[in-house]
Asks: 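Attaching a single structure in structure tokens format; questions to follow.
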Amino acid sequence: ICPPNIDFELGNMSYWHFFNGTVAAGPVYTLTATTPVLGRETLTVGPVDVDYYGGFPIVDPGGGFYALRLGYDTNLARAERAQYYVQVPTGVNNYSLIYRYAVVLEDPGHLSSQQPRFVVTVSDSATGKLLPPCLQANYVAGALPGFVKSTINSRCCSGFSNGLDIWYKPWSSASINLSGWAGHTIIVDFTAASCSPTGHFGYGYLDMTCGLFAIDSKICDDTLATLTGPPGFASYTWLDSLTFSHLYGTTQTITIPIPDSATTYAVIIQPYVGFGCPDTLYTRVMPS
């Protein structure tokens, strides 16, 4: 069951909770619950427009018609948070969310505790306990794995930002494995923050859609099938789902012969170190 409006496809931000405020070195956030504020929490609409610094679409190309931009290229030590409560169904042993995100961070070269950032945290709503560390992600401005240096100069904050490095990560995927948390309500927090010395920005886009909770399968003829894992992971390992002993490939997309009978394939998706947990996705291919 897809949680209501987790993908923003109602064309609004209902069921989400928002907080705005400031960030100090540490980082330490001072946030207050708020209704969405245009420019800080902005519903982006596809498919034409692209991000100013990264040139990637402002809506996930693999998702729907809407996404959320959290923060923007503004300074003054601003921080924004979007929060969603996920109720893991009782009796469900295997339950994973795959969220999609894109990030733009200006790198002024401050201490790490002062830098612009984009942060994902996952916690149990009843106890406040953080789930395993690999479910938490902390993207701090700089040359991070999977990030690209922008060729566009900052248009923000005259006197502060001109000529500084801006790094972006186009739409990527991350997995939140909630297996073992059946019956619990889990809070997923996304936080964007500029630098605490006030002069430089950080912001991100996010989407969570049930259409991404699977491998993409394309069958173009009667003999071959093309399987594609979600983008943005460090590595992919395609295996048979019975013994996990037969290796089909180690790239995001593989092409396999159509099996003689219905066969389930597995892909182990491995995130970049420090930015998520490994997870396994499955798809079933049936001959016509």
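Index from 1, following the sequence.
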Asks: For side-chain contact (heavy atoms from CB on, under 4.5 Å), just list the numbers for Ser154 and Ile166, CA-CA rounded to whole Å, side-chain angles, deciding distance to a tenth of an Å, and then say yes or no.
Replies: CA-CA 8 Å; Ser154 174; Ile166 297 171; 3.8 Å; yes
Asks: Report yes if some heavy atom in the side chain of Thr223 is under 4.5 Å from a heavy atom in the side chain of Pro257; otherwise report no.
Replies: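 The answer is no; the side chains never approach within 4.5 Å.
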Asks: Any side-chain to backbone donor/acceptor pair from Trp238 onto Thr251? Under 3.5 Å, distance only.
Replies: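 Answer holds: yes.
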Asks: Keeping the roles fixed (side chain from Asn5, backbone from Ser14), state whether a donor-acceptor pair exists under 3.5 Å.
Replies: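 It does hold such a pair.
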Asks: Taking the inter-plane angle between the rings of Tyr101 and Tyr99 on a 0 to 90° scale, is it parallel (under 30°), tilted (30 to 60°) or perpendicular (over 60°)?
Replies: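 Answer is tilted, since the angle falls between 30° and 60°.
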Asks: Evaluate the side-chain contact (heavy atoms from CB on, under 4.5 Å) criterion for residues Val88 and Thr185: first the C-alpha distance (whole Å), next the side-chain angles of each, then the deciding distance (0.1 Å), finally the verdict.
Replies: CA-CA 6 Å; Val88 183; Thr185 298; over 6 Å; no
Asks: Taking the inter-plane angle between the rings of Phe147 and Tyr139 on a 0 to 90° scale, is it parallel (under 30°), tilted (30 to 60°) or perpendicular (over 60°)?
Replies: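 Taking Tyr139 first and then Phe147, their aromatic rings sit tilted (interplane angle of 30° to 60°).
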Asks: For the side chain to side chain contact (heavy atoms under 4.5 Å, CB included) test, which of Ile6, Leu68, Asp7 pairs with Asp207?
Replies: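 The option that passes is Asp7.
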Asks: Would you indicate whether the side-chain heavy atoms of Asp73 and Val104 approach each other to under 4.5 Å?
Replies: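 Side chain of Val104 against side chain of Asp73, heavy atoms only: no contact under 4.5 Å found.
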Asks: Could you measure the distance from the NZ atom of Lys129 to the OG atom of Ser123? Nearest 0.5 Å is fine.
Replies: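 Lys129 NZ to Ser123 OG: 11.5 Å, rounded to 0.5 Å.
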Asks: Please check if the side chain of Gln252 supplies one atom and the backbone of Thr228 the other of a donor-acceptor pair under 3.5 Å.
Replies: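 Checked: no pair found.
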Asks: Answer yes or no: is there a side-chain heavy-atom contact under 4.5 Å between Thr280 and Ile268?
Replies: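 Side chain of Thr280 against side chain of Ile268, heavy atoms only: contact under 4.5 Å found.
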Asks: So Asp189 and Gln83, side-chain hydrogen bond (donor to acceptor under 3.5 Å, both in side chains) or not? Walk me through it.
Replies: CA-CA 5 Å; Asp189 282 327; Gln83 185 180 85; 2.8 Å; yes
Asks: Give the minimum heavy-atom separation between Ala102 and Pro170, together with the two atoms involved.
Replies: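 It is CB-C, 4.0 Å.
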Asks: Sub-3.5 Å donor-acceptor pair from the side chain of Asp51 to the main-chain atoms of Ile58, do we have one?
Replies: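 Not a single qualifying donor-acceptor pair exists.
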Asks: When the ring planes of Tyr282 and Phe244 are compared, do they come out parallel, tilted or perpendicular, using 30° and 60° as the limits?
Replies: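 If you compare the ring of Tyr282 with that of Phe244, the planes turn out perpendicular.
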Asks: Hey, what do you get for NE2 (His200) to CD (Gln114), rounding to the nearest 0.5 Å?
Replies: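 So the gap between those two atoms works out to 11.0 Å.
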Asks: Could you pull out the closest heavy-atom pair between Phe201 and Pro116, with the gap in Å?
Replies: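 That closest heavy-atom pairing would be O-CB, 3.3 Å.
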Asks: Would you give the length of the straight line joining atom NZ of Lys169 to atom CZ of Phe118, rounded to the nearest 0.5 angstrom?
Replies: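 Reported to 0.5 Å precision, the distance equals 11.0 Å.
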Asks: Please determine whether residues Val119 and Trp171 belong to a single hydrophobic cluster, defined as Ile, Leu, Val, Met, Phe, Trp and Tyr linked transitively by side-chain heavy-atom distances below 4.5 Å.
Replies: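 Unlinked, Val119 and Trp171 end up in two clusters.
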Asks: Hey, what do you get for CG (Leu105) to CD (Gln115), rounding to the nearest 0.5 Å?
Replies: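 Rounded to the nearest 0.5 Å, the CG-CD separation comes to 9.0 Å.
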Asks: Looking only at heavy atoms, what is the nearest atom pair of Ser173 and Arg100, with distance?
Replies: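 Closest approach of Ser173 to Arg100: OG-NH1, 2.9 Å.
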Asks: If you define the side chain from C-beta out and look only at heavy atoms, does anything of Leu178 sit under 4.5 Å from Leu131?
Replies: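 Of all side-chain heavy-atom pairs linking Leu131 with Leu178, at least one is under 4.5 Å.
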Asks: So if you build clusters from Ile, Leu, Val, Met, Phe, Trp, Tyr with side-chain heavy-atom gaps below 4.5 Å, do Phe56 and Val148 land together?
Replies: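 Yes, it is one cluster - the side chains of Phe56 and Val148 are joined through contacts under 4.5 Å.
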Asks: Is the closest side-chain heavy-atom distance between Val267 and Leu227 below 4.5 Å?
Replies: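 Not touching, per the 4.5 Å side-chain cut-off.
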Asks: With the side chain counted from C-beta on, respond yes when Val285 and Thr263 share a heavy-atom pair under 4.5 Å apart, and no when they do not.
Replies: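 Not in contact.
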Asks: Taking Asp107 for its side chain and Asp165 for its backbone only, find out whether a donor-acceptor pair lies under 3.5 Å.
Replies: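 No, because the side chain of Asp107 does not come within donor-acceptor range (under 3.5 Å) of the backbone of Asp165.
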Asks: Enter the distance from Thr121:OG1 to Arg81:CZ here, rounded to the nearest 0.5 Å.
Replies: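 Atom-to-atom, Thr121:OG1 and Arg81:CZ are 6.0 Å apart.
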Asks: Could you please spell out the steps behind the side-chain contact (heavy atoms from CB on, under 4.5 Å) verdict for Phe190 and Val120?
Replies: CA-CA 5 Å; Phe190 299 89; Val120 183; 3.7 Å; yes
Asks: Specify the closest pair of heavy atoms between Thr264 and Ser241, including all atoms of both residues, with the distance to one decimal.
Replies: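 Nearest pair, atom of Thr264 first, then Ser241: O-OG, 2.9 Å.
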Asks: Under 30°, 30 to 60°, or over 60°: which ring-plane class applies to Tyr248 and Tyr265, parallel, tilted or perpendicular?
Replies: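 Correct class here is perpendicular.
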Asks: Give me the one residue out of Tyr85, Phe8, Tyr66 that meets ring pair (Phe, Tyr, Trp, His ring centres under 6.0 Å) with Trp16.
Replies: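 By the ring pair (Phe, Tyr, Trp, His ring centres under 6.0 Å) criterion, Trp16 pairs with just one of Tyr85, Phe8, Tyr66: Phe8.
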Asks: With the 4.5 Å side-chain cut-off for hydrophobic clustering, are Tyr272 and Val122 part of the same group?
Replies: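 Tyr272 and Val122: one cluster.
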Asks: Compare all side-chain heavy atoms of Tyr84 with those of Met208 and state whether any distance is below 4.5 angstrom.
Replies: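 No - every pair of side-chain heavy atoms lies 4.5 Å or more apart.
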Asks: Short question: side chain of Asp240, backbone of Ser245 - any donor-acceptor pair under 3.5 Å?
Replies: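 Side chain of Asp240 to backbone of Ser245, a donor-acceptor pair under 3.5 Å: yes, one is there.
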Asks: Measure the shortest side-chain to side-chain distance between Leu247 and Leu239 over non-hydrogen atoms and say whether it is less than 4.5 angstrom.
Replies: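 In contact.
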Asks: Between Ala192 and Gly202, which heavy-atom pair has the shortest distance, and what is it?
Replies: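 Taking every non-hydrogen atom into account, CB-O, 4.0 Å.
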Asks: Check the pair Leu281, Tyr236 against side-chain contact (heavy atoms from CB on, under 4.5 Å), reporting the backbone distance first and the verdict last.
Replies: CA-CA 10 Å; Leu281 304 179; Tyr236 304 80; over 6 Å; no
Asks: Rounded at 0.5 Å granularity, tell me how far CZ in Arg40 sits from CZ in Arg78.
Replies: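 Going from the CZ atom of Arg40 to the CZ atom of Arg78 covers 5.0 Å.
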Asks: Taking all non-hydrogen atoms of both residues, which atom of Leu206 and which atom of Ala67 are closest, and how far apart?
Replies: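 Of all heavy-atom pairs spanning Leu206 and Ala67, the closest is O-CB, 3.6 Å.
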